[in-house]
Student: 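To start, I am sharing the structure in question, which I have written as structure tokens.
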Amino acid sequence: MSDSSENNGSSPIERFIPTGFYDVIRQERVFIGLIGVFFFIAGVAFPYAELAMWVGFFFAGYSAIANDSIQTIGTFLASNMDKKWWVLWLWIGGIFLVTVTVSWYIYDGDVTYQRLTSKGFSEAPTNFTFLQVAAPIFLLILTRMRMPVSTTFLLLSAFASSAEGITSVLGKSLSGYGLALITGLVVWLIVTKTVEKKFNGEPKKFWLPLQWIISGTLWAVWVMQDAANIAVYLPRSLDISQFLGFSLFIFFGLGLLFYLRGDKIQEIVTEKSRVTDIRSATIIDFVYAILLVYKLSISTVPMSTTWVFLGLLAGRELGISIMDNKEMGRPLSKVFIMAFKDLSYALIGLAVSIILAISINDEVRRELLQFIGY
């Protein structure tokens with residue numbers, strides 16, 4: 001009698017699926033449903049190049065910016081939680097429109113600041129596979145799981161015409177991570193005691209416009225570097241109607257992202273030390289912007305800005321811990337765990353990217369196997 005009464009309140013599904021997993025499915029049922037619809041749309045669209053081009057772009061446009069929001073506007077969001085979302089959106093969205101318009105005008109319809117002119121990405125796709133159109137959907141799933149993966153690897157790898165395109169991106173990204181890690185460590189070894197420890201009480205009024213200017217500059221530099229991840233689906237030179245479709249979709253997608261306050265992946269930023277302080281956030285954005293400008297200027301090869309950002313945060317946390325782990329930072333053991341977790345998520349994204357690349361392109365598969373010795 002007691003057994004039957006215990007089972008009356010549970011469905012057959014609940015009896016066979018672990019409670020925690022079932023709770024996740026129930027909480028995410030709307031998202032899971034949308035993902036199913038998106039995969040169906042990708043399956044219908046991919047045989048028709050003109051349709052697939054825009055469907056892939058729509059998926060990539062939101063998923064790339066949603067995942068990369070942690071590195072470009074994450075600290076901006078975290079330190080401006082008291083501001084209206086639409087004010088933040090108009091500022092960042094307006095900068096986006098200006099930045100891509102300048103590139104479109106100067107480079108004869110190219111909105112990527114020539115990031116797609118490097119070997120392996122210079123030719124616009126004339127036909128699509130299912131996995132190419134669906135690649136951004138996998139990015140949406142990883143973003144929902146709060147994984148800061150490289151959108152550069154995941155999206156561009158699906159279109160690489162040679163393994164050299166992938167390895168050049170990987171090489172530049174790895175060097176960017178190492179440079180950012182060392183820079184973050186050195187900078188915060190210096191500023192933790194001399195500057196950040198003095199950030200007590202209400203910030204002075206000049207910090208607000210300073211942060212908005214620096215965050216806006218960082219966002220513009222990120223667009224110059226990573227617009228290629230979104231525009232890879234489109235012709236390398238956009239006419240006026242294509243440009244309007246590209247720019248306005250991203251602009252209103254940013255509005256949704258700001259309305260959601262960065263969504264779940266924003267936790268990657270907010271778990272770090274003192275990033276909600278506008279002064280600390282401004283220093284992070286300033287150092288990150290300098291790193292991106294440097295990497296942007298040395299070559300037109302695309303690069304994972306996510307890896308650079310994760311390296312900077314890891315170096316910053318390490319520097320704070322070494323200098324002042326009792327008041328401002330965390331114990332070194334926790335810093336290493338946090339940095340390893342972030343990097344492991346990025347490596348998961350890299351693994352998914354390579355799997356997609358070798359599944360889509362036979363030539364890339366042969367070259368990559370040769371590269372690793374098979």
Student: Does Tyr288 form a side-chain contact (heavy atoms from CB on, under 4.5 Å) with Thr305? I'd like the steps, not just the answer.
Tutor: CA-CA 10 Å; Tyr288 185 37; Thr305 52; 3.4 Å; yes
Student: Mark yes or no for whether Gln242, through its side chain, and Asp239, through its backbone, hold a donor-acceptor pair below 3.5 Å.
Tutor: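 Pair found, side chain donor or acceptor close to backbone of Asp239.
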Student: Say you draw a straight line from OG1 of Thr99 to CH2 of Trp219; how long is it, rounded to the nearest 0.5 Å?
Tutor: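 Separation between the atoms: 9.0 Å.
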Student: Between Phe138 and Phe39, is the ring centroid distance below 6.0 Å?
Tutor: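 Yes, they do, as the ring centres are separated by less than 6.0 Å.
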Student: State, without any angle test, whether Ser215 and Asp285 hold a side-chain donor-acceptor pair at a distance under 3.5 Å.
Tutor: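 Result is yes, a qualifying pair exists.
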Student: Specify whether Phe58 and Trp54 have parallel, tilted or perpendicular ring planes, treating 30° as the upper limit for parallel and 60° as the lower limit for perpendicular.
Tutor: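 Answer is tilted, since the angle falls between 30° and 60°.
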Student: Can you tell me if CG on Asp108 sees more than 12 non-hydrogen neighbours from other groups inside 6.0 Å?
Tutor: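 It does not: Asp108 CG has 12 such atoms or fewer within range.
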Student: With clusters defined by side-chain heavy atoms of hydrophobic residues (ILVMFWY) lying less than 4.5 Å apart, directly or transitively, does Phe340 cluster with Leu347?
Tutor: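 Leu347 and Phe340: separate clusters.
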Student: Looking just at side-chain N and O atoms, do Ser173 and Trp307 make a donor-acceptor pair shorter than 3.5 Å?
Tutor: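 Absent: no donor and acceptor within the cut-off.
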Student: Measure the CG-CZ distance between Asp226 and Arg115 for me, rounded to the nearest 0.5 Å.
Tutor: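 Answer rounded to 0.5 Å: 10.0 Å.
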Student: To the nearest 0.5 angstrom, please state how far the CG atom of Leu189 sits from the CG atom of Leu185.
Tutor: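 So the gap between those two atoms works out to 4.5 Å.
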Student: Is the backbone N or O of Leu318 less than 3.5 Å from a side-chain atom of Ser321, with the two atoms forming a donor-acceptor pair by type?
Tutor: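 Between the backbone of Leu318 and the side chain of Ser321 there is no qualifying donor-acceptor contact (under 3.5 Å).
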Student: Just do the side-chain contact (heavy atoms from CB on, under 4.5 Å) check on Leu179 and Val308 with the steps written out, would you?
Tutor: CA-CA 8 Å; Leu179 176 64; Val308 176; over 6 Å; no
Student: Relative to each other, are the rings of Trp104 and Phe243 parallel, tilted or perpendicular (30° and 60° limits)?
Tutor: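 It falls in the parallel class, under 30°.
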Student: Count I, L, V, M, F, W, Y as connected when their side-chain heavy atoms are under 4.5 Å apart, and connections chain through other members. Are Phe96 and Leu244 then in the same cluster?
Tutor: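 Looking at the clustering, Leu244 is in the same group as Phe96.
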Student: Side chains of residues 87-95: which donor-acceptor pairs under 3.5 Å do they make with residues two or more places apart or in other chains?
Tutor:
unit_1, atom_1, unit_2, atom_2, d
Trp89, NE1, Phe251, O, 2.8
Trp91, NE1, Trp212, O, 3.1

Student: Same hydrophobic cluster for Leu292 and Ile213, using side-chain heavy-atom links shorter than 4.5 Å among ILVMFWY?
Tutor: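 As far as the 4.5 Å side-chain criterion goes, Ile213 and Leu292 are not connected within one cluster.
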Student: Checking ring-ring contact (aromatic ring centres under 6.0 Å, His included) for the pair Tyr259/Trp85: CA distance, chi angles, key distance, verdict?
Tutor: CA-CA 6 Å; Tyr259 177 76; Trp85 69 269; 5.4 Å; yes
Student: Verify, without hydrogens or angle tests, whether Ser103 (side chain) and Tyr113 (backbone) share a donor-acceptor contact under 3.5 angstrom.
Tutor: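 Yes.
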Student: If you count the non-hydrogen atoms of other residues, nucleotides and ligands that lie under 6.0 Å from CZ in Phe40, is the total more than 12?
Tutor: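 Count not over threshold, so no.
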Student: What donor-acceptor contacts under 3.5 angstrom involve side-chain atoms of residues 41-48, with partners at least two apart or in another chain?
Tutor:
none

Student: Is there a path of hydrophobic side-chain contacts, each under 4.5 Å between heavy atoms of I, L, V, M, F, W or Y residues, that connects Leu257 with Leu260?
Tutor: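 Looking at the clustering, Leu260 is in the same group as Leu257.
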Student: Take atom CZ of Phe286 as the centre, draw a 6.0 Å sphere, and report whether it contains more than 12 heavy atoms from other residues, nucleotides or ligands.
Tutor: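 12 or below, so no.
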Student: Can you establish whether the number of heavy atoms outside Tyr294 located under 6.0 Å from its atom OH is more than 12?
Tutor: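 It does not: Tyr294 OH has 12 such atoms or fewer within range.
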